Amino acid sequence: MILQALNAYYDLLLEREGDRLPREEYSSADVSFEVQLSDKGTVASILPYVNDKGKSIKRTFIVPKQPKRAGSGINPYFLCDKAEYLFGSALSMREACRKGSIDLCNAVLEFASVESPEIISFKRFLGYSDQELAEQLGKFMSPDLHKALSSGGLCVIKFAPTGKFFHDDRKIQQAWERYYGSTTDEESSGQEQTCLITGENMSVNKIARLHPNIKNLVGAQTAGAAIVSFNIPSFCSYGRDQSYNAPTSQKAADAYGYVLNKFLADPDHYVRMNDTTVVFWAETTSEKEQELLSSLFQDFSDEDGSKIADEESIRMRVKSAVIRIRQGQAFKETFQDLDADVKFYLLGLSPNAARIAVRFWYTGTLGEIGERVWRHYEDLSIAGLERSPTIKELLREIAVGHEWKNIPPNMEGQMLRSILLGLPYSRAVFAQLMNRIRSESDDPRKGLYKIGAVRAAMIKAYLLRQYRSRNHALEGEITMGLNEQSTSVPYHLGRLFACLEKAQISALGQNINATIRDRYWGAASSTPANVFPRLLSLSQHHIAKDEKWGRSNDHRIQEVMNSLPGQFPRRLSLEEQGMFALGYYHQRQDFYTSNNNNLNEKREQE
Amino acid sequence: MGYGIRLRVWGEYACFTRPEMKVERVSYDVMTPSAARGILEAIHWKPAIRWVVDRIHVVNPIRFENIRRNEVESKASMKKVIYAAEDRQQRAALVLRNVEYVIEAHFEMMDRRGDEDTPEKHYNIFLRRARQGQCFHRPYFGTREFPVHFELLEDHSNQSDEVKTAHRGTVDLGYMLLDQTYRLNGKGELKEAIPHFFRAKMVDGVIDIPALKEVKG
């Protein structure tokens with residue numbers, strides 16, 4: 001399933017990119033140095049790869065296949081190797097390495113049919129004794145370069161007269177391909193096994209002994225870690241060792257490794273969620289579908305200005321999802337130009353030392369996931385929310401002090417899961433959110449509010465999804481804007497609280513040290529019967545004092561009181577507290593918008 | 001097949017470990033035929049018979065869940081005892097949640113049958129044991145931690161079609177383990193186990209299991 005899907009994507013890539021993909025005899029390598037050979041085979045210079053600022057970088061080349069090296073044995077590569085193997089004791093490193101390298105290269109070059117200038121030059125390079133080589137190197141060697149070379153890092157070799165790399169030379173490539181074929185065809189034992197990725201029957205020696213390393217995974221070893229590995233006796237069954245426990249053809253293993261590594265090197269294909277790296281891809285060669293996926297999952301807050309210009313780009317369409325939903329647009333209408341039947345895959349990986357564990361795996365069609373994510377945005381839509389928040393932005397609301405780093409672990413994965421499967425959000429997220437609301441107060445300078453649009457949206461979406469999953473009657477009552485017809489008592493309590501606060505502010509001005517919200521929010525939202533009578537009598541003083549707005553505030557309070565039962569409830573559950581907060585937010589939003597309308601009307605009159 | 005049986009099995013968790021991801025375990029999407037065979041054998045098996053799974057009905061939606069378990073890193077043997085506390089390995093596993101299947105299977109008589117072994121006898125032993133909930137050991141879904149609840153389905157009037165499933169249409173589940181065959185050495189000891197795979201296709205919740213010989217080709 002996972003490996004099969006990756007392998008299938010490799011076939012797609014093969015179709016699209018053709019020759020640019022490494023074939024069976026080749027693999028891609030990250031290279032740090034370039035060694036230049038003259039036509040006499042002497043080393044002309046060694047150039048470390050650096051960027052504009054002089055920092056060393058790695059460039060990727062497709063070179064003769066490099067099997068995995070483990071331990072300190074001598075395992076040379078052809079044409080692209082560490083300095084230790086190319087120069088050995090000439091750079092005061094292990095002598096045996098260069099010897100092994102020379103043996104390998106000579107063995108490969110025996111398969112060369114003709115002598116080209118390149119081959120002659122390379123053979124001469126191999127023929128130099130350590131002393132001669134040391135002399136050549138000494139001409140340009142600096143301590144810095146020596147240090148860099150000894151720290152490892154692969155070197156590719158260039159033929160200086162033509163400026164072509166040896167591994168790009170067709171004649172040398174042919175020799176390598178023949179050599180490679182001869183090593184794998186040997187010792188065919190006649191026994192056959194089925195490859196569990198492709199289902200092909202193949203002789204046992206074509207089965208991968210070790211699977212490719214997956215690199216760039218956060219938290220894993222830098223050399224990479226493997227998804228398929230059997231390094232401890234308890235992993236092995238029926239006396240098999242290593243990856244013979246899971247018969248896979250070398251070709252298929254290389255293919256899935258290549259694809260996964262490619263995804264992990266491309267920021268459009270993965271997103272990091274705490275300790276889990278989530279890789280996602282659409283099974284198509286078209287870019288658009290992939291772009292939709294990446295904009296659904298990723299942050300786009302830090303995007304540079306130039307890209308934003310295009311209103312109809314897929315990213316912008318996702319960004320404006322909440323507004324489009326408010327206008328009644330469905331997912332299908334917004335993304336008419338995309339193929340909804342394309343399959344998509346989502347793979348959550350997290351490292352465990354040298355191994356990789358699969359944390360989750362989802363598949364579906366683009367249409368399915370689109371509808372689910374749309375649903376999520378629909379649930380979130382609320383008056384005052386003008387931009388679709390990403391998962392991370394949502395979770396920042398429950399982090400202490402709104403710090404990215406304080407986002408509780410595991411929550412991202414849970415959130416993603418509930419969105420993708422259309423499940424209610426986790427209760428832990430909600431509980432934490434209510435906690436944060438209770439304990440924080442506004443900080444307008446940082447743009448942080450006790451109950452801002454995003455928090456209210458989260459409460460709304462949580463309650464909606466919770467009620468929907470239980471077929472609760474309240475589902476229909478949770479609306480984007482103020483709902484005066486609601487039957488929920490906590491909702492009206494929240495509204496009442498907002499009205500009381502408003503009465504206080506219009507009587508005493510904006511600059512009160514502690515408003516009733518700062519003092520009474522916790523108590524009012526959890527044990528209304530204890531607090532509301534006192535707040536109501538307090539509000540009478542505010543109304544009496546306020547000559548300008550007192551009457552309209554009193555009127556509004558009365559109006560909300562009419563929707564409440566005779567007695568205040570003694571205590572509210574966590575969900576009810578959510579309703580309370582939502583009622584409060586809606587009522588405040590309503591003040592704000594009606595004020596705006598009034599102002600506009602006034603302006604028009606003037 | 002005259003002596004086919006149908007068994008409804010269900011449980012809270014299941015882990016039909018994929019061979020390629022058996023370290024940090026990832027389960028197959030559905031029960032493998034060999035796991036189904038294991039369940040049947042737990043209820044009744046004798047050397048005289050061999051169970052053949054014909055069809056697996058997948059009743060519940062496929063749902064995965066991630067759990068962590070404490071496992072050990074070495075193997076126990078005659079010479080070696082494992083002290084679990086010193087040998088700990090915490091491993092993640094992606095397991096199936098709330099599974100329910102209906103297994104359709106029959107058995108074949110083997111060479112090692114005695115004079116008294118008739119198909120009727122074994123068929124009835126199985127029926128009796130399954131009805132009463134008897135088993136040699138508690139059957140399990142892939143690993144011992146995930147026990148199986150089972151119930152014999154006996155209504156033969158309207159065969160397979162009344163199994164209700166949550167699945168519609170055709171789903172390609174990729175290559176799955178079918179079963180293993182064993183090669184023995186001269187002394188009758190296990191020399192090699194050869195896994196066989198088949199391309200699993202779920203059509204309206206039903207997976208047809210090919211015979212082992214067909215796959216061997």
Side-chain angles (χ1 to χ4, degrees), chain A residues 1-5 7-8 191-201 204 208 211 226-240 243-248 252-253 256 276 343 347-363 410 413-414 417 421 423, chain B residues 17-30 61-68 71-77 80 82 84 87-95 97 171-178 180-183 185 189-200 215-217:
Chain A
M1 127 187 110
I2 297 168
L3 303 185
Q4 277 153 16
N7 189 47
Q191 257 193 56
E192 288 217 329
Q193 270 201 344
T194 319
C195 164
L196 52 71
I197 294 182
T198 60
E200 288 169 290
N201 278 321
V204 172
H211 280 234
I227 289 193
V228 181
S229 76
F230 302 84
N231 51 350
I232 291 178
S234 67
F235 302 156
C236 302
S237 304
Y238 299 106
R240 297 179 184 281
S243 299
Y244 297 118
N245 278 289
T248 311
Y256 90 75
T276 309
K343 267 187 134 181
L347 173 64
L349 297 173
S350 79
N352 180 359
R355 299 194 298 263
I356 297 173
V358 175
R359 298 311 279 287
F360 53 78
W361 167 249
Y362 300 120
T363 60
N410 294 335
Q414 280 179 17
R417 192 181 123 97
L421 300 182
L423 299 170
Chain B
T17 311
R18 296 170 165 271
E20 72 268 33
M21 286 162 212
K22 64 188 265 228
V23 175
E24 306 279 346
R25 294 171 195 269
V26 176
S27 173
Y28 278 116
D29 296 307
V30 296
I62 297 165
R63 256 185 66 202
F64 283 100
E65 199 166 283
N66 201 289
I67 56 169
R68 293 198 167 201
E71 304 183 19
V72 292
E73 61 175 41
S74 36
K75 278 182 177 173
S77 69
K80 192 184 170 198
I82 294 181
D87 234 0
R88 274 277 170 258
Q89 272 251 324
Q90 192 171 51
R91 298 202 249 159
L94 196 62
V95 301
R97 195 66 222 275
V171 182
D172 182 7
L173 298 169
Y175 284 93
M176 262 174 61
L177 181 70
L178 174 62
Q180 307 210 77
T181 48
Y182 302 94
R183 198 174 315 191
N185 65 10
E189 291 161 341
L190 176 67
K191 194 178 149 211
E192 198 188 4
I194 304 150
H196 299 278
F197 297 90
F198 76 111
R199 183 103 193 192
V215 173
K216 262 199 264 178

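Chain identifiers are assigned alphabetically (A, B, ...) following the order of the sequence lines, protein sequences preceding nucleic acid strands; residue numbering begins at 1 within each chain. Note that the structure is a prediction, hence the values are computed from the model and not measured.
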Just how far is it from atom [atom1] of [X] to atom [atom2] of [Y], taken to the nearest 0.5 Å?
X: A:I2; Y: B:L94; atom1: CD1; atom2: CG; answer: 7.0 Å
X: A:T194; Y: B:L178; atom1: OG1; atom2: CG; answer: 10.0 Å
X: B:E192; Y: A:Y244; atom1: CD; atom2: OH; answer: 12.0 Å

If you compare all heavy atoms of [X] against all heavy atoms of [Y], which two are closest, and at what distance to 0.1 Å?
X: B:R91; Y: A:S234; answer: NH2-OG, 3.9 Å
X: A:P247; Y: B:F197; answer: CG-CE1, 4.0 Å
X: B:F64; Y: A:R417; answer: O-NH1, 3.4 Å

* To do: Output, in order, the C-alpha distance, side-chain angles, deciding distance and verdict of side-chain contact (heavy atoms from CB on, under 4.5 Å) for B:Q180 and A:S237.
  => CA-CA 12 Å; B:Q180 307 210 77; A:S237 304; over 6 Å; no

* Asked: Sequence neighbours excluded, which residues qualify as salt bridge (Lys or Arg N to Asp or Glu O under 4.0 Å) partners of B:R63?
  ->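 With neighbours one apart ignored, the set is B:E65.
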
What part of [X] gets within 4.5 angstrom of chain B, counting heavy atoms only: side chain, backbone, both, or neither?
X: A:I197; result: backbone
X: A:T198; result: backbone
X: A:R355; result: side chain
X: A:Y238; result: side chain

Under 4.5 Å from any heavy atom of chain A, what part of [X] do you find: side chain, backbone, both or neither?
X: B:A92; result: side chain
X: B:Q89; result: side chain
X: B:Y28; result: neither

* To do: Compare all side-chain heavy atoms of A:Y256 with those of B:E20 and state whether any distance is below 4.5 angstrom.
  =>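 No. Closest side-chain heavy atoms not under 4.5 Å.
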
* For residues A:V358 and B:E24, determine if any side-chain heavy atom of one lies less than 4.5 Å from a side-chain heavy atom of the other. =>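 A:V358 vs B:E24: side chains apart.
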
* Asked: Can you tell me if B:K75 uses its side chain to pair, donor with acceptor, with the backbone of A:C236 under 3.5 Å?
  ->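 Pair found, side chain donor or acceptor close to backbone of A:C236.
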
* To do: Start with the C-alpha distance between A:L196 and B:R18, add both sets of side-chain angles, then the distance that settles side-chain contact (heavy atoms from CB on, under 4.5 Å), and finish with yes or no.
  => CA-CA 10 Å; A:L196 52 71; B:R18 296 170 165 271; over 6 Å; no

* Asked: By ring pair (Phe, Tyr, Trp, His ring centres under 6.0 Å), which residues pair with A:Y362, not counting sequence neighbours?
  ->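 Testing A:Y362 for ring pair (Phe, Tyr, Trp, His ring centres under 6.0 Å), a comparison that skips the adjacent residues, returns A:F360.
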
